Amino acid sequence: MASSFRGLLLATALSTLALPVLAQSTTTLNGTTFTNQGLQGVGRMAANLKDKFGETFGSISGMQIDLRTWTRRADGSYAATLYTLPDRGYNVNATTNYIPRYNVVDLTFAPFTGASATAQNQIGLTLRDTILFTDNTGTPFTGFDPGTNGTALTYRPAANGLPNLPKAGNGRLALDPEAIVRTRDGSLWVSDEYGAYIYRFSASGQLLSAIRPPEALIPKRAGVDNFAAAEGTPANPTTGRQNNQGFEGLSLSADGKTLFVALQSAAFQDLNGSSVNTSRRNTRLLSYDVSNPSSPVLKGEWVIQLPQYNNNGNPAGPLNRVAAQSELLALNNSQFLLLSRDGNGYGSGATPNSSPTSFYRRIDLIDISGATNIAGTAYDTPGTPIAPNGVLAASITPVQFASFVDMNDAAQLAKFGLVNGAANNPNCRTQCLSEKWEALTLAPALDAARPDDFFLFVGNDNDFVTQDGFQAGAAYRDASGVENDTMLLAYRLTLPTYVDPLASESQQLTGGLLGQALMETGLSSQRAAAADQTGRTQAIRGGFAGNRKQGSFDLAAGGDWASADRSDSASRLSKPEGWSLGAGADYAVTDTLRVGVGFGYADMDGDFGDLGEARGKSWGVGPYATLALPGGFYADVSYRYVDVKLDGIRRNSFAYGLTATGETEGTGHSVAVELGSVLESGGWRFGPVLGVKYDRLKLDAWNEGSAIHLNLDHPGQTVKQTTLNLGGHLSTSVDLGGGMALVPELRAGYQADVSKDDTRSYTTVLSTRRTSPLGSQTALLAAPDDSGWRVGAGLGLAVSQGVTLLVNGETLFARGDDPDLAVGAALRVGF
């Protein structure tokens with residue numbers, strides 16, 4: 001043990017020494033320090049890249065790494081599948097009949113921690129597939145503005161469980177997708193600027209449902225829904241989301257139950273229409289309970305005051321502009337990353353060699369703790385603004401805000417040959433940071449020394465700008481002369497409050513199952529250690545103990561091998577197999593009463609299938625008594641105190657290839673009573689048998705190791721089980737001569753589990769997120785059902801006066817499971 005501990009210390013020390021020295025900046029929010037360890041990678045996809053339909057790829061308005069595919073390779077690099085979302089298509093002159101879609105991209109990442117990289121190839125990106133979005137009838141969506149072709153009605157009227165949906169002049173539903181969330185079942189949530197709506201699609205891209213937000217956010221002209229974004233009259237709605245300022249930010253909680261969505265900037269009634277850019281600060285963050293995704297329920301709504309900046313780049317100047325937000329990412333159910341920016345950068349300049357300097361491009365932290373929840377209030381109606389003329393109502397407390405990652409940090413950009421702004425740079429395409437950054441996704445560093453470290457990938461929207469484009473059946477060439485590549489940046493961050501969705505999913509799927517399996521293994525181990533391995537009751541039924549007189553003394557020893565090779569069913573998750581040893585000594589107090597003490601030891605291997613395994617080691621000790629009654633009746637009672645240890649516990653997390661390990665121990669009490677009758681007729685011995693067993697096991701709380709940020713704290717648990725056995729026995733005696741006799745025996749009966757301990761709560765906690773509500777998951781554990789028919793056979797051999805050898809086998813045909821098997825032998829010597 002000591003050498004193992006020294007080895008662990010040495011390994012930890014070496015790992016720490018090997019860690020790179022990183023430039024860091026810290027931010028504190030609500031008492032927690034968050035650390036930005038800097039930019040560690042850049043990757044590109046060519047601006048003229050075509051998808052599988054031969055159309056321009058279109059870059060990234062939203063994205064999400066499939067964490068199930070995220071792996072850390074032997075060389076320290078990473079690989080995953082990335083889902084990306086372009087918006088409504090190339091629309092420099094006007095919107096087009098581009099079909100909205102999402103893409104599947106293969107991603108690789110080799111972090112760079114040096115001073116200066118020679119290339120922007122740390123992030124590898126390869127397009128694999130493209131899936132088109134269709135409505136509930138299978139008709140493709142369109143990128144056309146809902147006001148295109150001067151249609152009087154900009155929506156398809158509500159029907160079939162769907163609300164009024166933005167519709168273009170060609171009759172198709174109009175969609176300007178801006179953010180994407182992929183759920184555990186493969187379905188997608190996609191936020192939209194036209195609505196502003198949230199759509200739910202199947203993995204194949206077909207519309208399943210839509211969330212219509214409060215009326216305060218629905219664009220209205222003349223008091224009715226009007227989803228036009230560029231062709232309406234008046235130009236902007238009188239209330240509701242501004243043109244092209246819909247739901248830009250979308251994120252799902254780690255447990256998959258809460259959907260968060262944020263408006264890009266203030267609704268029109270919440271700003272000053274004569275000075276939009278300076279007064280659009282008070283926007284809204286909404287949360288929906290999507291436990292039942294077919295019936296989302298609005299449960300929260302808060303005000304975000306967007307960051308302000310000076311549009312001349314003067315740090316001391318007045319804050320005269322608002323940076324609209326472009327993406328939201330939930331760290332937990334109260335804290336978020338928020339990407340906000342101005343409109344400057346490569347692609348917004350007059351020439352391919354120019355890039356206006358960005359004055360605000362940051363990923364900040366917000367916290368809704370303490371903010372006013374306005375969901376369901378008058379503020380959800382168009383007539384009650386939260387910020388008349390852009391001034392927030394005094395009764396509303398906005399979310400907390402803290403600046404975090406500055407994407408314009410010159411030193412970080414310089415490591416990869418990037419700059420923020422350039423007046424005349426012939427290499428601007430590869431050196432100038434592009435204008436629109438709109439996508440965020442996180443993945444764990446899987447660093448045991450830094451379990452709170454994650455990589456934040458940031459993606460840009462290139463507006464389909466290229467000199468070699470093709471869309472909606474026609475080639476195009478952007479007049480700017482710009483080739484605006486798709487780009488990804490990767491930052492390494494320390495996020496002490498972020499709950500990894502895959503860690504939460506793993507906990508939800510495996511934490512309770514492991515508790516169930518450990519309970520079953522521990523109970524099996526306890527029962528094996530407490531069982532009568534000395535064949536005492538078999539000897540009573542066979543008549544071997546019938547001639548023991550007052551003052552006589554018996555010693556006995558034996559062992560069993562048992563296997564509960566059950567199928568993975570609701571009644572038993574573990575498959576314990578192992579051996580047990582026992583010894584006992586008893587004394588005849590009278591001719592009818594014998595008392596003694598027994599000892600047992602069991603070593604059981606618990607196989608949990610794909611879930612993992614554990615080993616149970618138990619020893620038990622306690623008294624017993626046997627009472628012989630007139631007419632062949634007998635009563636046998638025993639008690640065991642049992643000490644149980646479960647070690648070698650392994651839980652397959654089914655995430656990132658990590659396996660959690662640990663051990664626990666506990667104590668138990670076992671009581672067994674057998675009542676029977678031994679009747680004789682024609683050389684046969686037979687009679688009824690009634691048995692009752694009660695077990696109570698208490699396992700201690702314990703903590704996992706080895707699985708980095710997926711380790712769980714497991715609670716203590718107590719399980720009680722009572723089984724009732726009713727059956728009969730049949731035996732005979734064969735005289736072998738020389739004082740030897742052979743006694744074969746058959747037993748059969750039904751065992752009923754009469755436990756009242758049907759379900760128990762079992763709450764695990766993510767070890768690195770003990771204080772987070774999302775770090776806790778509760779499962780209900782069912783007591784193992786050990787009901788079924790029990791059949792056994794035994795063979796006793798009286799070797800000489802007082803010396804008996806006993807062997808037996810038994811099978812329990814448990815309901816819904818494969819049979820339990822047990823075989824054993826015992827030697828009894830009388831004095």
Side-chain angles (χ1 to χ4, degrees), residues 29-34 64-65 67-68 70 181-185 189 249-262 285-293 296-300 302 328-338 365-371 373 399-400 440-446 451-454 456 493-515 651 653-656 658 660 703-704 707-715 761-780:
L29 178 66
N30 249 0
T32 300
T33 299
F34 300 83
Q64 180 177 311
I65 285 176
L67 294 176
R68 291 180 180 84
W70 178 257
V181 168
R182 188 172 183 269
T183 66
R184 296 177 186 179
D185 65 4
W189 293 104
L250 184 73
S251 191
L252 189 66
S253 63
D255 59 5
K257 297 179 181 179
T258 305
L259 189 66
F260 299 96
V261 65
L285 167 64
L286 291 76
S287 73
Y288 286 88
D289 182 345
V290 290
S291 301
N292 179 358
V297 177
L298 178 67
K299 66 177 183 179
W302 304 270
L328 176 83
L329 198 158
L331 298 179
N332 48 64
N333 275 5
S334 62
Q335 296 176 322
F336 306 83
L337 296 177
L338 187 74
L365 291 159
I366 61 172
D367 192 325
I368 62 175
S369 300
N373 184 353
V399 305
Q400 300 174 66
L440 300 175
T441 189
L442 282 165
L446 300 178
D452 290 339
D453 278 14
F454 297 85
L456 176 68
L493 309 178
T494 303
L495 303 172
T497 63
Y498 173 55
V499 180
D500 180 347
L502 199 55
S504 180
E505 179 180 350
S506 170
Q507 177 187 19
Q508 188 177 37
L509 295 178
T510 66
L513 289 180
L514 182 66
R651 175 179 65 91
S653 71
F654 300 101
Y656 312 120
L658 297 177
N703 310 115
E704 292 178 343
I708 311 179
H709 68 295
L710 272 68
N711 289 324
L712 300 178
D713 296 347
H714 288 264
S761 294
Y762 189 83
T763 301
T764 58
V765 179
L766 283 169
S767 299
T768 59
R769 299 295 180 265
R770 293 186 173 101
T771 60
S772 172
L774 281 175
S776 178
Q777 296 274 4
T778 299
L780 291 178

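Keep in mind the model is a prediction, meaning the values are calculated, not measured.
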Exercise. Can you check side-chain contact (heavy atoms from CB on, under 4.5 Å) on Thr764 and Ser776, steps first, answer last?
Worked result: CA-CA 6 Å; Thr764 58; Ser776 178; over 6 Å; no

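- Looking at Trp189 and Val290, their side chains come closer than 4.5 Å, going by heavy atoms from C-beta outward.
- A distance of 8.5 Å separates CG of Leu331 from OG of Ser251, quoted to the nearest 0.5 Å.
- Between Pro444 and Ile708 the shortest side-chain heavy-atom distance does not fall below 4.5 Å.
- Looking at heavy atoms from C-beta onward, Asn711 lies out of side-chain contact with Asn703 at the 4.5 angstrom threshold.
- Here the two rings, on Tyr656 and His709, have centers that are under 6.0 Å apart.
- A salt bridge is absent between Arg769 and Asp713: the closest approach of a Lys/Arg side-chain nitrogen to an acidic carboxylate oxygen does not fall below 4.0 angstrom.
- With a 4.5 Å cut-off on side-chain heavy atoms, Val499 and Gln507 do not count as touching.
- Here CZ of Arg182 is found 12.5 Å from CG of Leu252. Values are rounded to the nearest 0.5 Å.
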For this session: Could you go through the side chain to side chain donor-acceptor pair (under 3.5 Å) check for Gln400 and Ser369 one step at a time?
Result: CA-CA 8 Å; Gln400 300 174 66; Ser369 300; 5.0 Å; no

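- Of all heavy-atom pairs between Leu710 and Glu704, the closest is O-OE1, 4.0 Å.
- Using a 4.5 Å heavy-atom threshold, the side chains of Leu456 and Leu440 count as touching.
- A search for salt bridge (charged side-chain N to carboxylate O under 4.0 Å, His left out) contacts involving Asp255 returns nothing, not counting sequence neighbours.
- With sequence neighbours excluded, no residue forms a salt bridge (charged side-chain N to carboxylate O under 4.0 Å, His left out) with Asp367.
- For the atom pair Leu365 CG and Leu329 CG, the distance stands at 11.0 Å (nearest 0.5 Å).
- Going from atom CG of Leu337 over to atom CG of Leu328 covers 8.5 Å, rounded to the nearest 0.5 Å.
- Inter-residue side-chain proximity for Tyr762 and His714 is flagged as met; some heavy-atom pair is nearer than 4.5 Å.
- Classification of the Phe336-Phe260 ring pair by plane angle, with boundaries at 30° and 60°, yields perpendicular.
- No side-chain heavy atom of Leu493 sits under 4.5 Å from any side-chain heavy atom of Asp453.
- In this structure, CD on Gln64 lies 10.5 Å from CG on Leu442, to the nearest 0.5 angstrom.
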Problem set entry | Test side-chain contact (heavy atoms from CB on, under 4.5 Å) applied to Phe34 and Thr497, step by step | CA-CA 9 Å; Phe34 300 83; Thr497 63; 3.4 Å; yes

For this session: Apply side-chain contact (heavy atoms from CB on, under 4.5 Å) to Arg184 and Arg68, showing your working.
Result: CA-CA 10 Å; Arg184 296 177 186 179; Arg68 291 180 180 84; 3.4 Å; yes

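- Separation of atoms CG (Leu285) and CD1 (Ile366) is listed at 5.5 Å; rounding is to 0.5 Å.
- Annotation: side chain of Trp70 is in contact with side chain of Leu446 (closest heavy-atom distance under 4.5 Å).
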